[in-house]
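Here's the structure, in structure tokens; my notes come after.
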There are 2 protein chains.
Amino acid sequence: MKQAKNSDTRNWQTENQSAVRKLINLKSLAEHLGLSQTTVSRALNGFPEVNDKTRQLVQAAAQQFNYQPNVRAKRLATGRSMAIGHLVSVSKGHEIVNPIFADFIAGASARYIESGYDLLLSLVPDENELSAYTDLAARDAVDGVIIHTPKEDDKRLERLNELNLPFVVHGRSTKSNEVYNWVDVNNERAFFRATEFLIDLGHRSIALVNGMADLDFAIQRTKGYERALSKHYIDPVNDYILYGEMTEPYGYCSTIALLDGLIPPTAIIASSIPVAIGVRRGIEERGLKMGRDISILSHDDDLCYFRDENDVPVFTSTRSSVREAGYKSANLLIKTIEDPTGQREGILLEADLIIGTSTKPAKS
Amino acid sequence: MKQAKNSDTRNWQTENQSAVRKLINLKSLAEHLGLSQTTVSRALNGFPEVNDKTRQLVQAAAQQFNYQPNVRAKRLATGRSMAIGHLVSVSKGHEIVNPIFADFIAGASARYIESGYDLLLSLVPDENELSAYTDLAARDAVDGVIIHTPKEDDKRLERLNELNLPFVVHGRSTKSNEVYNWVDVNNERAFFRATEFLIDLGHRSIALVNGMADLDFAIQRTKGYERALSKHYIDPVNDYILYGEMTEPYGYCSTIALLDGLIPPTAIIASSIPVAIGVRRGIEERGLKMGRDISILSHDDDLCYFRDENDVPVFTSTRSSVREAGYKSANLLIKTIEDPTGQREGILLEADLIIGTSTKPAKS
DNA sequence: AAAAAAATTCAAAGCGCTTTGAATATAGAT
DNA sequence: ATCTATATTCAAAGCGCTTTGAATTTTTTT
């Protein structure tokens, strides 16, 4: 590996046909202008102690030569990475990359761009999860991280606090004792409202096709669901609560199982739109009609991929934009990075209850 | 902004409770060992001119102090970013972050980890797309990029070649004159086979619910479809080919339109599983049964989120793993980065035609 | 045992930027 | 016109690593 010397680089540039490729660094820009690097650097970075005329000249020259400071040098000099890590754990076997994630990223990314942060994505095999954070911190590769899909008492939070690496959790870890930033939907409330809504329609046998049992949000949703039942003196039925990875086939299989059970429910709450789509398939396969014979209510992360833009949406749902959560998480993280001594903060988003055609009063 | 001096950093570390956080750099490690930085660096990077005993000592010390070279310094010194950019364009209005993308990333990421590259994700508003690449190159932030969802003659390729930035296209740009790396599914062939399969089942009215009309893959799919029709002397019907963003609602609406048309098709080919799910919904809404009354065949990117693990899958499909494409793209890109003078390469993946329950012979 | 060759190690320069502390130019006060 | 005070500019050091070219040690050869 040769080190790219100043002159070499320039030669290579000249030899090369590419006219667009950057060929100037701070040093040559300063030389060209007959100024010191200090002044040029300050002019471009908006420092006040630069003469206005000088600044104009510098800016013009920078534009002319398409000068962009080399990020690597900048990062070394400032001691900041200007990058934020998203570590997604991928379990062996069923390696789901959640589509929710794509939308979340889109929201976060918008915020990062505003402040010039890069978004570093690492898919980490489950078993190395904790050490991945340690490595990231040791290599000093990011200024902060976002934690996805936390467990009820997630060990990652403690580790990150030890490492003193700023972070925000998308979701919460309600059993954790750590102090941390989070952005979460009020899942308990959302599912309480959803369940109560169905109860008000006369439903008494309501099933919940939930996410993985060890994830915090799934636990919250069950809580909300059970609170609504309990408020209306409905005995919870064990077989009515299902946990699993939120895929379309999972929704389908769960529904078949429910419908073939002893007392088929008259309403099903699904934990995501893909699951709800599977539920509908199951219902229809058993010759029933959604809405008429059995109601479906789903949580809707408002993913653009499934966005329902009808006047009256198909699924009645508790809707909360993941993209917005992404933006807010990024915002909170940047705040913490720029002032690490500040208070940690929690942001609770409320889901809207949106009425579609998939829910109807229970037949009496 | 203060520059973090060596001593300051160390003090901060000592003051701090965090025991895990890295507190050693090359210099102090070398001092501790009574060796020069050169030797320590070489020992750790596997250079041959280091005495075996010395290397052992160095490695042991590195382990003991959990020494990890600072990536920022390393990157500046080597002149390499050790990062690969994925620029995803996001169009205003309908800002779809394709779920295919998530799986692709998962595949690519696996390859990056093997070679120590970071994955940099930028969502770029459509209108800045070209300049985004120029900026990235000027800032010298990545060693290479992956291009997603290319148009038939995509201007980005030319730009990247001008910039001399190694890249791989996921998909192809069949009308482009540029020389470039790509990894693509043989869409033409896949859809030719799909269409012919339906024709062999006796179908004569076959609709195609395709992706966006300006995307290369959609064009290839139409070509394959039309070639099959033509081979069997079936006149193409204009209204049978639809283009749009591949969402579930799009599949649904298209199907309703098709079924309510003058001559409803007896088979529908969908461009993705979410579209196929929408198609099925449309069919069922019109009181028809998939398979029995009307056949559906879909392209299946084998996304984990919709993975169908039944013995007999629901949808007959042309299946090709996006994750695999991701891995192979990453591999090709790394090859090009490490030897930029090498030949550009194209990798064509063939889709499997997998028979499910959604296709049946046409009623005669 | 001396000379030549090979194996190790090292000091110092460099990557391209930011930032410090000092120097110079300009304006304001006397 | 002289002396501060203020506004600009600069040279040089530093970020933490890699790499060069030279120096030193060890081994081999004569």
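A, B, ... follow the sequence lines: proteins, then strands. Residue 1 opens every chain.
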Return the nearest nucleotide to the side chain of [X]; candidates are [options].
X	options	answer
A/Glu49	C/dG16, D/dT9, D/dC17	D/dT9
B/Thr54	D/dC15, D/dT8, C/dT9	C/dT9
A/Ala77	D/dC10, C/dG16, C/dC10	C/dG16
A/Thr78	D/dT8, C/dC17, C/dT18	C/dT18

Not counting sequence neighbours, which residues clear salt bridge (charged side-chain N to carboxylate O under 4.0 Å, His left out) with A/Arg156? List them please.
->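 With sequence neighbours excluded, A/Arg156 shows a salt bridge (charged side-chain N to carboxylate O under 4.0 Å, His left out) to A/Glu129, A/Asp154, given in chain and number order.
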Checking A/Arg159 side chain against A/Thr134 main chain: does a donor-acceptor pair fall under 3.5 Å?
->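 No; zero donor-acceptor contacts below 3.5 Å.
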Has [X] got a side-chain N or O lying under 4.0 Å from the OP1 or OP2 atom of [N]?
X	N	answer
A/Tyr67	C/dC17	yes
A/Ser41	C/dT18	yes
B/Lys74	D/dG16	no
A/Asn70	C/dC15	no
B/Asn51	C/dA7	no

Closest non-hydrogen atom pair, B/Ala43 against B/Val50 |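 So the minimum-distance heavy-atom pair works out to N-CG2, 3.8 Å.
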Contact nearer the 5' end of DNA chain D, comparing B/Asn45 with A/Gly34 |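 Its nearest nucleotide being more 5', the pick is A/Gly34.
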Could you give me the stems involving DNA chain D, meaning stretches of three or more consecutive Watson-Crick or G-U wobble pairs whose two defining distances are both below 3.5 Å?
->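 If one scans DNA chain D for consecutive Watson-Crick or G-U pairs, the stems found are C:1-30 with D:1-30.
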Quick one: [X] [atom1] to [N] [atom2], roughly how many Å, whole number?
X	N	atom1	atom2	answer
A/Phe47	D/dA7	CZ	P	17 Å
A/Arg42	D/dC10	CZ	P	11 Å
B/Asp52	C/dT9	CG	P	10 Å
A/Arg72	D/dC15	CZ	C1'	15 Å
A/Gln37	C/dT18	CD	P	9 Å
B/Ile24	D/dG16	CD1	P	12 Å
A/Leu44	C/dG16	CG	P	17 Å
A/Leu26	C/dG14	CG	C1'	16 Å

Using the ring of each side chain (for Trp, its six-membered ring), is A/Tyr112 parallel, tilted or perpendicular to A/His86, with breaks at 30° and 60°?
->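 The rings of A/Tyr112 and A/His86 stand perpendicular, inter-plane angle above 60°.
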Is the closest side-chain heavy-atom distance between [X] and [Y] below 4.5 Å?
X	Y	value
A/Lys74	A/Asn45	yes
A/Val40	A/Leu26	yes
B/Phe167	B/Arg344	no
B/Leu121	A/Ser109	no

Looking only at N and O atoms, is any donor in the side chain of A/Thr39 or the base of D/dT8 less than 3.5 Å from an acceptor on the other one?
->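 Looking at the base of D/dT8, it does not pair with any donor or acceptor on the side chain of A/Thr39 (distance under 3.5 Å).
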Base D/dT19 to side chain B/Thr38, donor-acceptor N/O within 3.5 Å cut-off =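 Check passes, donor-acceptor contact within cut-off.
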Nearest-nucleotide comparison on DNA chain C, the residue closer to the 5′ end among B/Leu35 and A/Ala73 |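 This one resolves to B/Leu35.
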